[in-house]
Amino acid sequence: MLGWPLTPGAGPDEPTSVRCTLFDAVVLPHAVGVLCLGEDRGPAVRPAIDIGGERLVFLTLPGTGHLAVRCGGLVLSGPGDVLRLPPTPGHSWRTPPWDPLRPGPLPLPLPHGAELFRHAPQDP
């Protein structure tokens, strides 16, 4: 659906995962992630997965997620790192990486990490 190489789990209760090759996944504490969403700053698309209200995971262009280290984040990047996607239990799309108004769904361009973290705090 999103053009990413999915790796389904072994059984129906197993999560669906994707290797972090076409994007960086930036894992942040929920409070910091909400600041990065910048929902009060306009309709900019920042694809994010909410993990149980404790963490937000943002998808950025590959090679740009490293900016998360300045605000206490963890970056998953490359074929060795795997991200669990919704509908994994406890995971839900806060803002999906596709356009809900177009048939498909069609993937939207991922943001550059510099844009994502422009409004983030400088320290964890």
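Side chains included, hydrogens not; waters and symmetry mates left out as well; all remaining heavy atoms used.
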Report yes if the side chains of P62 and C20 come closer than 4.5 Å at any heavy-atom pair, otherwise no.
-> no

- [ ] Kindly say whether P79 contributes a backbone atom to a donor-acceptor pair with the side chain of T21 at under 3.5 angstrom?
- [x] no

Interatomic distance, OG1@T88 vs CG@L83, rounded to 0.5 Å, equals 8.5 Å

CZ of F23 to OG1 of T64, rounded to nearest 0.5 Å, is 12.0 Å

Can you tell if the side chain of C36 reaches within under 4.5 Å of the side chain of L28, non-hydrogen atoms only? yes

Correct closest heavy-atom pair for L37 and L56 would be CD1-CD1, 4.0 Å

Between the CZ atom in R55 and the CG atom in L74, the distance rounded to the nearest 0.5 Å is 9.5 Å

To the nearest 0.5 Å, atom CD of E115 lies from atom CG of L61 at 11.0 Å

Correct closest heavy-atom pair for D24 and S77 would be OD1-OG, 2.7 Å

In this structure, CD1 of I49 is separated from CZ of R94 (nearest 0.5 Å) by 13.0 Å

For A48 and W93 the tightest heavy-atom approach is O-CE3, 3.5 Å

Scanning both residues in full, the closest heavy-atom pair of H91 with P86 reads O-CB, 3.6 Å

Distance col, row L110:CG vs R46:CZ, nearest 0.5 angstrom, shows 13.0 Å

